[in-house]
Amino acid sequence: MGKVVLVTGAARKLGGRFVRRVQRDPGVDRVIAVDAVAPAHQLGDAEFVRADIRRPAIARVLAEHAVDTVVHMDVTGTPLGTGGRATVKETNVIGTMQLLGACQKSPSVKRLVVKSSTSVYGSAPRDPAVFTETTPPKSLPSGGFAKDAVEVEGYVRGFARRRPDVAVCVLRFANILGPEADSPLAEYLSLPVLPTVFGYDPRLQFVHEDDVIDVLMIASDEPRRSTLNSGTFNVAGEGVLLLSQCSRRLGRPTVPVPLPAVTWVGTALRTVGMTDFSPEQIRLLTHGRVVSTDQMRETLGFVPTYSTAEAFTDFARSRGAGLLPPEVVARTVDRLSTLVSKERT
């Protein structure tokens with residue numbers, strides 16, 4: 001008999017993609033896709049179970065299907081459908097508690113994979129140049145999705161102590177981008193004009209959604225030879241981009257805002273429903289964040305297909321031309337340079 005894999009967050013695009021991918025693994029016998037709402041996309045041959053992980057009924061799902069591998073992808077920063085921030089937090093935190101409680105009681109569960117975020121490191125003025133998996137944050141996130149991720153990881157560590165027989169893998173993803181990216185940062189980068197913090201140009205890292213699926217496959221299977229897929233790993237594409245480089249590649253102008261006024265701008269954006277401009281998002285767009293991926297490559301044995309720049313390029317292509325398309329700006333600069341040269345001669 002092959003493995004029985006349960007995937008949470010199956011109604012989201014990324015969750016749906018993983019469900020369709022993992023069922024093609026010859027070592028997988030059945031895939032149980034779980035979410036509180038019915039997905040709008042196809043799930044292939046997976047069995048969809050409409051269940052809210054915030055409710056104790058999730059334990060019954062694990063028991064009925066004799067699940068041995070749980071991939072928890074329902075940890076996210078954006079609401080699904082009409083839900084708001086309160087619903088997102090409940091699903092992230094209360095949902096994870098319920099799911100882990102169910103896993104603890106299930107003798108069949110042997111592997112747990114949790115989708116987390118590099119936002120657990122926070123963003124602060126005195127941050128190290130590069131965070132490793134063991135670097136403590138200078139300032140813990142005070143709210144929003146980043147705080148949810150910190151709490152989720154705390155519950156996962158407690159579960160790992162209580163069930164040492166279960167292989168636990170926590171993947172801390174950098175900002176996920178791609179044609180179907182669904183995150184607060186993707187929403188921010190899709191604005192026609194990008195508000196930025198005056199005097200700051202943060203370094204950012206990205207991981208392509210295709211690479212997210214690939215590394216989840218590695219984490220949910222038995223470890224490859226000479227690798228270990230239990231533990232906590234940063235996952236990001238090679239290299240970094242400055243926010244100013246991102247805006248130019250998108251063709252979107254920036255509006256520098258003094259730091260004291262940024263919070264007001266964020267409130268205004270949330271009011272019109274354009275993006276989640278939370279305090280943690282503001283800190284990221286002020287101080288940036290870069291993480292080491294040595295453990296991802298050397299221990300987990302995963303090398304992303306896309307670099308940070310390539311992931312961003314694919315995302316930018318899907319968003320269409322901005323108000324200042326880079327090729328138009330380049331032609332304008334060339335013309336101005338030619339005119340200046342003629343004037344000088």
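Excluded from the calculations below are hydrogen atoms, water molecules and symmetry mates; all remaining heavy atoms, backbone and side chain alike, are included. Residues take their numbers from the sequence shown, with the count starting at 1.
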Side-chain heavy-atom pair [X], [Y] within 4.5 angstrom cut-off:
X: Glu151; Y: Lys89; answer: yes
X: Phe145; Y: Val88; answer: no
X: Arg111; Y: Asp68; answer: no
X: Asn175; Y: Leu284; answer: yes
X: Leu241; Y: Arg249; answer: yes
X: Glu310; Y: Glu238; answer: no
X: Leu216; Y: Arg21; answer: no
X: Arg172; Y: Ser119; answer: no

Enumerate the ring-ring contact (aromatic ring centres under 6.0 Å, His included) contacts for residues 95-134, please, sequence neighbours excluded, ordered by first and then second residue. Tyr121-Phe131

Salt bridge (Lys or Arg N to Asp or Glu O under 4.0 Å) for Arg54 and Glu90? Distances and angles first, verdict last. CA-CA 7 Å; Arg54 295 173 295 175; Glu90 284 184 8; 2.8 Å; yes

Test log, rule side-chain contact (heavy atoms from CB on, under 4.5 Å), inputs Val70 and Leu62: CA-CA 9 Å; Val70 175; Leu62 290 174; 3.9 Å; yes

Look at the side-chain heavy atoms of Ile, Leu, Val, Met, Phe, Trp and Tyr, link any pair under 4.5 Å apart, and say whether [X] and [Y] land in one connected group.
X: Val235; Y: Val75; result: no
X: Val207; Y: Leu185; result: no
X: Met97; Y: Ile53; result: yes
X: Val5; Y: Val212; result: yes
X: Ile176; Y: Val113; result: yes

Criterion salt bridge (Lys or Arg N to Asp or Glu O under 4.0 Å) on Arg12 and Asp182, from CA distance to verdict: CA-CA 9 Å; Arg12 294 180 181 274; Asp182 177 23; 3.7 Å; yes

How long is the straight-line distance from CZ of Phe302 back to CG of Asp211, given to the nearest 0.5 Å? 4.5 Å

Once rounded to the nearest 0.5 Å, what's the spacing between atom CG of Asp74 and atom CG of Asn92? 7.0 Å

Cut-off 3.5 Å, side chains only: do [X] and [Y] have a donor facing an acceptor?
X: Thr135; Y: Thr132; answer: yes
X: Asp201; Y: Ser244; answer: yes
X: Thr96; Y: His72; answer: yes

Apply side-chain contact (heavy atoms from CB on, under 4.5 Å) to His41 and Leu43, showing your working. CA-CA 7 Å; His41 44 256; Leu43 296 176; 3.8 Å; yes

In sequence, state the C-alpha distance, the side-chain angles, and the governing distance for Asp314 and His208, and then conclude on side-chain hydrogen bond (donor to acceptor under 3.5 Å, both in side chains). CA-CA 8 Å; Asp314 199 31; His208 195 279; 2.6 Å; yes

Please find the pair of heavy atoms, one from Pro195 and one from Val257, that lie closest to each other, and give the distance.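 Residues Pro195 and Val257, closest heavy atoms: CB-CG2, 4.4 Å.
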
Would you say that more than 12 heavy atoms from the other residues, nucleotides or ligands in this model lie under 6.0 Å from the NZ of Lys138, or not?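 Open.
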
Just distance, no hydrogens or angles: give the donor-acceptor pairs under 3.5 Å from side chains in residues 157-170, sequence neighbours left out.
unit_1: Arg162; atom_1: NE; unit_2: Gln104; atom_2: OE1; d: 2.7
unit_1: Arg162; atom_1: NH1; unit_2: Gly158; atom_2: O; d: 3.4
unit_1: Arg163; atom_1: NE; unit_2: Asp165; atom_2: OD1; d: 2.9
unit_1: Arg163; atom_1: NE; unit_2: Asp165; atom_2: OD2; d: 3.3
unit_1: Arg163; atom_1: NH1; unit_2: Cys103; atom_2: O; d: 3.0
unit_1: Arg163; atom_1: NH1; unit_2: Gln104; atom_2: O; d: 3.0
unit_1: Arg163; atom_1: NH1; unit_2: Ser106; atom_2: O; d: 3.1
unit_1: Arg163; atom_1: NH2; unit_2: Val109; atom_2: O; d: 3.2
unit_1: Arg163; atom_1: NH2; unit_2: Asp165; atom_2: OD2; d: 2.9

Phe315, Tyr306, Phe312 screened by ring-ring contact (aromatic ring centres under 6.0 Å, His included) with Phe206, the one that passes: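 It is Phe312; the other options fail the test.
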
What's the verdict on salt bridge (Lys or Arg N to Asp or Glu O under 4.0 Å) for Glu280 and Arg289, showing C-alpha distance, side-chain angles and the deciding distance? CA-CA 12 Å; Glu280 290 305 317; Arg289 184 190 309 117; 5.7 Å; no

